[in-house]
There are 2 protein chains.
Amino acid sequence: MTEVNNTNAIVEMLERHLAAKGMRRTPERFKILEQVLCMPKEFVIEDLNKAMANNSFMVSQSTLYNTVDLFVDAGILRRIIIDDGPSHYVKEDGVNYIHLVCDECGKIKLLKDLNFMAYMNARKFPAFTTRDYNFTVYGICNDCARRIKREQREAKAAKKKNH
Amino acid sequence: MTEVNNTNAIVEMLERHLAAKGMRRTPERFKILEQVLCMPKEFVIEDLNKAMANNSFMVSQSTLYNTVDLFVDAGILRRIIIDDGPSHYVKEDGVNYIHLVCDECGKIKLLKDLNFMAYMNARKFPAFTTRDYNFTVYGICNDCARRIKREQREAKAAKKKNH
DNA sequence: TTTACTGCAAATATTTTGCAATATC
DNA sequence: GATATTGCAAAATATTTGCAGTAAA
């Protein structure tokens, strides 16, 4: 896992990967990377597609999927599969985040836990060689918890009024 | 999470859940449960479907999906989403297993780690109330590692022979 | 008798693939 | 000029849904 700090370093990562694999330097690949760098830390393909369209640089679905795969191979993105919806992509920064997924709003919070990472880096499993791991926690975020409580309070009040 | 030990206890779990929710005791539900009890600890819908067919008790896809969902609600099964393929289901036994997924053969090994469970039960996350968690480790199982090594050795030997 | 449940077929959502046209090397 | 890459449309995969008929309560 490489620590990635700035735009140039990431573009160079792509350049090196393309060179190493004998792949071509197409405008699509660099434009998509440019857009990825402007995205939030975690996003889905659809977000990326819309962002490309907003910046008047449409590419086909196949190119978008292929290119994002390429970025995963190049160590620029990390793919995480959290639920039965679309894959999520996290910009690689050397941190393997814990994913806090809210059952209510579906939002994903990324939690950096260096202790847990250190534990995992040291940890061995029987008859198995680790490449990567994914730790996802499901529950309710405080925003939704508050909203639900308020809604319950309001529903109760409305019921009382009707009697 | 309820500790589940035997067939009768699980059938009773279903009975109780149906009664509590005012749902009907259909033959499909009990037949599917019977089959689930004969499945390995971890399976996918397709496996279950085939097993039902082998035992000459076909149900429709919708019923199978609905019923497995029902079993998840009843605490009989746990759904885990591991890759971009189908959902996996694990028979609930009060243990939240670590999932070791082999990149090569796709097989999933369930690893019971009571220390990790205790750690997770105690662990709190900021602004978040935990309901469940899923810990998946990706890598290469020893069987595949050995196979790959052997194949590489054989490929080398074949190359040498051709020269 | 009421309506929850089943099964069928069609819809949905996400991703992959085959192939002709294009652009990089 | 050779072929990797793109874009389009269609296919593949997994699951959900609408609805008419059936059966549990």
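Here is how names work: the chains are called A, B, and so on, in the same order as the sequence lines, proteins then strands, and each is numbered from 1.
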Heavy-atom closest contact (A:Gly106 atom, A:Val101 atom, distance): O-CG1, 4.4 Å
Considering all heavy atoms, the nearest A:Cys105-A:Cys141 contact: SG-SG, 4.0 Å
CD (B:Glu46) with more than 12 external heavy atoms under 6.0 Å: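 Open.
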Nucleotides bounding contact with chain A, strand DNA chain C, heavy-atom threshold 4.0 Å: C:dT14 to C:dC25
Residues B:Asp93 and B:Lys41 bridged, charged N to O under 4.0 Å: yes
Salt bridge present between A:Asp143 and A:Lys109 (N-O < 4.0 angstrom):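 Salt bridge between A:Asp143 and A:Lys109, a charged N being under 4.0 Å from a carboxylate O: no.
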Pairwise distance CG(B:Asp132) to CD1(B:Ile80) - rounded to 0.5 angstrom: 10.5 Å
Nearest-angstrom distance from the residue atom NZ of A:Lys21 to C1' of D:dT3: 19 Å
Separation of atom CG in B:Asp69 from atom P in D:dT17, rounded to whole Å: 10 Å
Common cluster, B:Val137/B:Ile81, ILVMFWY with side-chain heavy-atom separation under 4.5 Å: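 Cluster IDs for B:Val137 and B:Ile81 differ.
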Verify same cluster id: B:Phe125, A:Tyr119 (apolar side-chain graph, 4.5 Å):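 In one cluster: yes.
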Those residues of residues 43-55 of chain A lying under 4.0 Å from DNA chain C by at least one heavy atom: none
Near-strand residues of residues 22-37 of chain A, defined as heavy-atom separation under 4.0 angstrom from DNA chain C: A:Arg24, A:Arg25, A:Pro27
Non-neighbouring partners of B:Asp73 that pass salt bridge (charged side-chain N to carboxylate O under 4.0 Å, His left out), sequence neighbours left out: none
Inter-axis angle, terminal five-pair segments of the helix from C:dT1-D:dA25 to C:dC25-D:dG1 [nearest 10°]: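 It comes to 30° between the two terminal axes.
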Report, one line per pair, each donor and acceptor closer than 3.5 Å where one atom sits in a side chain of residues 27-39 of chain A; sequence neighbours left out.
{"residue": "A:Arg29", "atom": "NH1", "partner": "A:Arg24", "partner atom": "O", "Å": "2.9"}
{"residue": "A:Gln35", "atom": "OE1", "partner": "A:Asn55", "partner atom": "ND2", "Å": "2.6"}

Side chain proximity check, B:Met120 to A:Phe135, heavy atoms < 4.5 angstrom: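 Counting from C-beta outward, B:Met120 and A:Phe135 do come under 4.5 Å.
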Earlier contact from the 5' end, DNA chain D, for B:Gln61 and A:Leu18: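 The answer here is A:Leu18.
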Residue closer to the 5' end of DNA chain D, B:Arg79 versus A:Leu64 (nearest nucleotide):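 The answer here is A:Leu64.
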Plane angle bin for B:Tyr133 and B:Phe116 - parallel if under 30°, tilted between 30 and 60°, otherwise perpendicular: perpendicular
Sole residue of A:Arg78, A:Glu42, A:Arg79, A:His99 in side-chain hydrogen bond (donor to acceptor under 3.5 Å, both in side chains) with A:His88: A:Glu42
